[in-house]
Every structure is written in C-alpha cells, then in structure tokens.
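The next block holds one structure in the form of structure tokens; read it before the comments.
Computation of the quantities below employed the complete heavy-atom set of this structure, encompassing side-chain atoms and omitting hydrogens, waters and symmetry-equivalent molecules.
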Amino acid sequence: MLCCWIVSVISMNWFINGGILETKAGLLGDGGKMWLKCLEKVSGNSCKIHHLYYQYIGSKRIRKTWWRKLLVAWIVGWITVSVWIFWYMSSQAFEKRKETLASMCDERARMLQDQFNVSMNHVQAMSILISTFHHGKNPSAIDQRTFARYTERTAFERPLTSGVAYAVRVMHSEREQFENQQGWTIKRMDTFEQSPVQKDDNVAKALEPSPIQEEYAPVIFAQDTVAHVVSLDMLSGTEDRENVLRARASGKGVLTAPFRLLKTNRLGVILTFAVYKTDLPSNAMPNERIQATDGYLGGIFDIESLVEKLLQQLASKQTILVNVYDITNQSHPISMYGSNVSDDGLEHVSALNFGDPFRKHEMRCRFKQKPPWPWLAITTSIGILVIALLIGYIFHATMNRIAKVEDDYHEMMELKKRAEAADVAKSQFLATVSHEIRTPMNGVLGMLHMLMDTELDATQQDYVRTAQDSGKALVSLINEVLDQAKIESGKIELEAMQFDLRAIMDEVLALFSGKAHEKGVELAVYVSDGVPEMLIGDPGRFRQIITNLMGNSIKFTKKGHIFLTVHLVEEVMDSIDVETESSSRNTLSGLPVADRCRSWVGFKTFNPEGSSHTLSPSSSDLINLIVSVEDTGEGIPLEAQPRVFTPFMQVDPSISRKYGGTGIGLSISKCLVGLMNGDIGFVSIPDIGSTFTFTAVFSNGCSNSNDSKLQKQRLKTQANTMSSKFQGMTALVVDPKPVRAKVSRYQIQRLGIHVELVLDLNQGLSSISNENKVVNMVFIEQEVWDKDSSISALFVNKLQKIVSGVSTKLFLLGNSLSSRTNTATSGVYTPSVITKPLKASMLAASLQRAMGGNKGNPCNGEHPSLSLRKLLVGRKMLIVDDNKVNLMVAAAALKKYGADVVCADSGQKAIKLLKPPHKFDACFMDIQMPEMDGFEATRRIRDMESNWHIPILAMTADVIQATYEECQRCGMDGYVSKPFEAEQLYHEVSRFLQPTSSANL
C-alpha cells in the first residue's frame, strides 16, 4: 500500500506542476480546453491523495524522529527482502543445474542401453541362425570360413561388438572323435588368460590341452578379429564357465563381469547366448534346456569404445563426466568406464539394464566444471535494493515538497475555475454575437425580399439584388465561423430526416449556374441509377459539404467544366480498373483532369482492413455514397496541398485578396464528412485542375414510418406529374463526347423519356430514318450544330423529308444564354435553345413550351413557393418574437403564401393565445426573448394541452444553443434558423400540414 501511495503522490506532483502551466496556456487560447478535461479528472484524484495525506501524515510539518524511524525500517526491511531473494534465486539456479545434469545423464544412460540392446538382439539372431543352418542340417551349411565371412560382412549391424565366436557342446565320450574331426586339440582357457598378451594369433597352439571333464565347450567358429580363441574350451575358464552355465539354464543372454579383453587390453564384457535344438518348447524347464543345449554363442563388447562413441554423439556446451559401474557386488563396484577427476561435487546416478537380471550396472554423471556465480540472483537482489533505496529517497523528497504541492493545487483550482468561466463566457459570447448579428440581418434580408416584390425598375432591382447577395455572403461567413466554433467545442450533431438527393443536386446546380454562365464554365451533375430515390440523413449538412466544394471549384475555374458525380461505393469499387485505364481527356469538356481514383487513396472504405460495417452487403439499410467534384481550374500548388484542410489557412496569402473567403470551408467539410462515417480526399495538378472526393453513409429512405410514406408519396406524386406528359416518348441526343452525353441522358431520362445516343448528325439521320422507330425530339449539342452550318441545314432538310405525321422537336443544348440557332434553319424545325446546366424541372418546362403546353404554369415542384402556398393558404399562424422588425418580416413572408398571421411580442401573450381551445394551425416561437424565453413558454403551453397539440417551430438567430435536441426536450416540433427562406419553411411546415382544398382555387 505504501508503494502505491508513493506512486500516486508522484503522479499528482507531475500532473499539478504540468497542469498549472497548461491551464495558464488554456486561458490564452482554445487549445487549453483539452487540458481542462484532464484537470477535472486529476482534481478528483488529488482530493483523495490529500485525504490520505492528512489521514496518515497529520500536519504539514512532519516530525523528523518519526520519519527517520520509518526510513530505517524501510531500508532494513528491503535489505532482508533482497537477501531472501538472493537465497531463493540461488537455490532455484542450483535446482535447475541439478535437473539439467539429471536430464543429460538419463539421456546418455538410455541411449547406451538402447544401443546395447540392439547389438544384443543381433547376437541372439545369430544364435538362431547357427541352430538352423549348422545343427539343423546334415552336413552342416556353416564352417569356419563361412562364419568368418558372414560375421565380417554383417559387422555393421553390431557396431558395439569387437567380435563373435561360437563354442559347440562336446561330451567327454565324444572328445576324441571331435578332435580328430577338427584336426586340433581342445585347449585350456585358464592358461590362456594367465599368459601375457600376444600379438601372434598362433599362440593358442602352445597352450595346454583341456583337462578331462564331463563336457567341453571348444570354440569352432570365430570372427577374424577374435580368431585366436578357436579351440579354446570355454568351460575351462572360471568366469566363462559360470557365464555359459547360467546362459543355458536361463535361456537368456548373460553377461560376464568386466575384464581386460585379449589383444586390446581394454575393459569389456562377453554376452553369451545358448544355442538349443530347434524342437525345444518356449516354456521348457532349466533341466530340459540343459539337455537340449547344442552350443554357446558369445559376443565381445568393448565398453570403453561404446561409451566414448556415445559421448561424441551427445556433445554439448555443458561438458559432463560419465562413469559406468558394475554394481553386482554393492560393496565392491567395478569401474567399467570413466575417471573420478571433477571440480563439481554434484552427482547424478542413472540405472542401466543390459538384459541380464543377475548383473547390475549404473551410470554416474558429474559436471566437469565448477558452477558459475549466480549473477542473476546477485544483480536482481542488488537492483531491488537500489530501487527500494531510490523509492525511499523519492518519498523523502516528496514529503518535503508536499506543502508546496498543496499551495500549487489551490492555485491550479483557482486557474481551473477561471478557465471554465472563460470557456462559458466564450460560448455565451458566440451565442450573443450570433443572435445580435443575425437578428438585424434577418430584418435586412427580409425587408429586401419584401422590396423585391414591389414595382422596381431594372437599376433598382440590380441594387436590391446586390444588397441581398452581400447580406447572404455575410450570413454565410457568420455560419462558417459559428460552425467552426461548434466543431471545436464538439457540439455539432447531425439530424436524421428523409430527403431526395437528386433534388438537392438540382438546388446546387441552380445556386451556381449563374456564376458558371458568367465565366463560361460548363456545369453538370450526374447521379447513378443505383442511388435510391430517398435517403435518411442530414440534407442540410450534406448540401453544405457539396456547396463548399462546388464554391471552391467555381472560384478557381476560368475555363473548362465542373462535374459533380454521385455513385454507390460498390459501383466505384467494381469499376476502378476500368476508369484508371480510360483517357484523361475523355471528360465533360474535353480538357484533361486530375485522376479521381487518386483522390480516395487511403480511404478506410477501400481498405480491406478498415471498417467492415460500411460495405456489408447484408445491411440493406446502409447506403454508402461516394461524391466527386471535378474541375479544370488552376489546381493547388504541391507545397500547399498538405495544409488544404487546415482551418483559416489559404493556399496563398494573395488568394483571400483576389478571391475572398475565410479558408475554413474545407475544414468544416472534413469534420462533417467524419460525422457521416466517411472520408474526404483530393488530387490536384497545377494548371490542370482538382478533384475532391468524399464518402458518406446514409440510411435507405424506403422505411415503413408514416411520415416517410407521406413524404415519399408527395415527392413521387410531384415527379410523376412532372414526367407524366413525356412518359413513353423517345429522344435522340447528338453529342460526340461520351461523358457529356451520359449527363444529358441522365437528366432527360428523369422525365420518363427513352434516350438514344449518337455521335454526329449523320448517325442521327440514320436513326430517325428507321421506320420502326418514332423519335419525338432531338437534342443536339451546340458545338456540333455550330461546327458546320451546311451540314446543319442539310440535317434540317432531310429531317423534313424523313419525318411524316410526327412532329419531331429540335433542341440545342448550349452553355450560355447567348446561344442562337443557325440562320439556315427555319419553320417548325427551328431549334429551341436549352441552356445548361440541365435540370429535370427546367427541361420539363422547356419541353412543355416547345410542345404547346401552358407556359405560365411550370411543373409542380419546380419551386417551393408553389408548394408553400398550397400548405399555408387559409392557415392561421401565430408568430412570437420580441423584435418588431422580425415580426414584420416573418408575418409578411407567411402572408405572401396566403396564411392568416397573428403576432405576439412576448411569451406570456403566446400562452394566453394558445390556451385550448384555439384556432391556430401552427406557431413560430422565438427562443431568446426577455422575461420568458421560447423554451419556457413552450413548456407551459405543453402543460396546458391535454388532448390538444399545436406544432411549435423554434425561430431564432442563435444557431449554437438552439439545437434540434434542445428544442425537442422542451416540446418543440421543429427548428427554423433566421433569416429563413421559402425552402426552410417548406421543409418544416410540410411535416405537419397537408395541402388545403382551397389551394387550387
């Protein structure tokens, strides 16, 4: 516990000393807020540490005598622990050394025993061979020469034997006949053993004959290495006689005691097997075995050579000494191998079993060298002691500084409170600034909008539009700064609502089409057919990302095109290889572009180790979109590309002066993409262009909720109304550029028209001349039409001759309002010009006018104001706001769409007016009002309602505090940020109100 407490005190000291400096830095900048969160956790731990400090220590002044006793006890205790650790580790090292010796000794004993048993089995097999081919055949199939050659050739099977010999059993009555048959006299064995070692193999001729006895065992066959034992009587030797008698009585191999081998003078043993008649049963008694004995086969083993070969095979880093003993006589063991020279007293004994139960053997092993010093035990015990002394010193120093730490702690808490107050003040300041700036701006923009509805000449309208654009630019700047503030504070969150992605793309096109026309830049949008009609997500933030990217492209592009595409991630992954191989000039305008495949390098969506849930095919509710914005602008310099997503950083200082902007749009976009579980990247080539790509995850809008069904049905009805007049028609598009033709086909097909693509006018005529095909309209790209006026005129003339009974309309697709038809054309075939960028609503209106439709009634859904009038006409609305200008602007906006408006300037009045029963259809409630804010007023209104519910929409300029979640908690049904426009009103009001029957009057 003491060690843990010391570590806690040290950690507290480090955090406090570091925390004070970081907190001071936090007061000067936004980066300090990260440290405030750490300090909040540290403060709780610090309080516990101080509690322990006062509990166990007492006062700030520690008595020196108490501290010295504690320090001495600490040192003595750890010295004792260190000594015990040294003893314990040393004993463990000794046990490990002992186990190692036992393992090595047992391994050598086992291998020696196994090798001996193998050779013994071969000798026994040879005894069976002699019984079969010598005694079992008449005449014998084996003689001395055959035996010598056979044993010499099979010596590799008995690597441990020095030689093999066979002695036949001869009775005394058969001796004379046997000696006459063999040509030599049976010699005595004991006189041979007593004679000095001779190198002459014929020395046996000088030996004495074997004395008369009941039976003899003369050697008749011998390997060449022991040929000197031929004619020797094995029963005349004391050791050999005992060996032979035990072998024939037991039927097993028996060993002699160790003795010096003839000729080599090395220690060895003889293994003897009795050779029986072939008809001897396996369970014969000893007397029966003796009677059935025909001879004796002996194998000579050189024990010293055997052990030396074994030790050479098992050579290791740790050399051990091996001794082999015959311990048949426990009091006088016989050494068979090894010496007793060793510096280590540690010894291990392993038992040996050579197959003879009468003879006992064992192997004794010792290390050759002394055991090393236990350096691990020494260093560990000393290291632990040093650490303990160091901890004691640190603890002593910590106790001396704890009083100072306490003072620093109080100072830190004071700075923490000031930093928290500064953070709260900053948030309040942003909220106040947001409200105070946007509130008058709402009035300015509202009044300008009302002014545009009055009768103004062209100059006055231009002035009003300029003022509106400036006001909107200021509001956009405020929104970006506030969005950046919300990102830094972590308060930004996404909504989840159903929306039509293609409608958002049309809105973006409408937003930037004017600037594109001014610059002569071609603008186009393409959405893959695989993208669902309805998605669930945050359409406002999604639109904000695309608007930021498109705004940058418009700003830096002077010629060429800007191309916005939306695909499913799965579609892009399947076609990556194909797109990479395509030409860089196969583009919308024909100019080279940056390869968009390089813009998503590093995306986790395309990484096999990345998040798996984004591409799970089984999850049908998740829609993974990939959006690219391609332009042929100036490009981004290579040195500036690493800081593209850094807030408030421009590519070049002159950019802000030349093009304007704050440099935070891409930073905000990156944050929003991250909230949508996506990635954003780009590829840019100077003087070629840039391509920005991002991914986003949405939910499939095909859900079963009632609101989703109603909204989907309403949008479907609008789309059907727009395309019903053109359903089943066929159109021909003449465009030599595949990408541009694909965009035209996408927009035309949205109207339910079948589209066919051709590359030039000649192919177009061939297609129209087909009798089985009816072409209702022809769309020709402006550059194809203007390329050769004669070919264009010829196309019109042939078209007049080919078409009969069908009125084929001719349209030119141009990039600017100044596009005009060729003067060579006339009559009903004079082309109508449709200005790009193409949109489904604009195409529908143009086709209606060309085909004789109502020019004054555009298609349903072309502008939200028409739908708003259907929703609001005859409705009674309550507007609550303390600002008279805002009341006037909001009331005028709602009255413009036919609503009956009642105004209230305080929350108390709103409560009185909305006390059930009442006749209001909806209420727009400002949030920041004196005396009673909109939240409190809403709560009281909800408390009054029982079986009554009026939709209350928040209406405020405070875009930080008035979040959608906060509005829901107090009972509000929606949220409208000031200054609001028709689109905002429509998206919110359409959730609660249905078109009235008087809307069509």
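The closest donor-acceptor contact from the side chain of Thr632 to the backbone of Lys559 lies under 3.5 Å. No donor-acceptor pair under 3.5 Å is formed between the side chain of Arg745 and the backbone N or O of Val733. Between the Asn700 side chain and the Asp621 main chain, no donor and acceptor come within less than 3.5 Å of each other. In this structure, Ser599 contributes its side chain and Arg596 its backbone to a donor-acceptor pair below 3.5 Å. Remark: the backbone N or O of Ile562 is not paired with any side-chain donor or acceptor of Asp631 at under 3.5 angstrom. At distances below 3.5 Å, not a single donor-acceptor pair connects side-chain atoms of Ser767 with backbone N or O atoms of Gly764. In this structure a side-chain-to-backbone donor-acceptor pair under 3.5 Å is present from Thr695 to Asp679. Distance alone, capped at 3.5 Å, places no donor-acceptor pair between the Thr693 side chain and the Trp600 backbone. When atom types are taken as modelled, the side chain of Lys515 and the backbone of Lys555 share no donor-acceptor pair closer than 3.5 angstrom.
In this structure, Lys737 does not pair ionically with Glu522, as no charged nitrogen and carboxylate oxygen lie closer than 4.0 Å. The pair Arg740-Glu781 counts as a salt bridge, with a side-chain nitrogen and a carboxylate oxygen less than 4.0 angstrom apart.
Contact of the Val743 side chain with the Val525 side chain is not registered, since no non-hydrogen atoms from C-beta on lie closer than 4.5 Å. Put simply, the side chain of Met550 does not reach to within 4.5 Å of the side chain of Leu511, judged on heavy atoms. Side-chain contact between Val739 and Asn586 is present, with at least one heavy-atom pair separated by less than 4.5 Å.
For NZ of Lys742, the number of neighbouring non-hydrogen atoms (other residues, nucleotides, ligands) closer than 6.0 Å is greater than 12. Summarising the local packing, NZ of Lys670 is surrounded by 12 or fewer heavy atoms from other residues, nucleotides or ligands at distances under 6.0 Å.
One side chain, Arg750 or Gln747, offers a donor N or O that lies under 3.5 Å from an acceptor on the other.
Heavy-atom minimum distance, Asn548 versus Gly665: ND2-O, 3.3 Å. The shortest non-hydrogen separation linking Ala741 to Leu757 is O-CD2, 3.9 Å. In terms of heavy atoms, Ala594 sits closest to Gly689 at CB-O, 3.9 Å.
Between Phe499 and Phe542, the ring-plane angle classifies as tilted under the 30° and 60° cut-offs.
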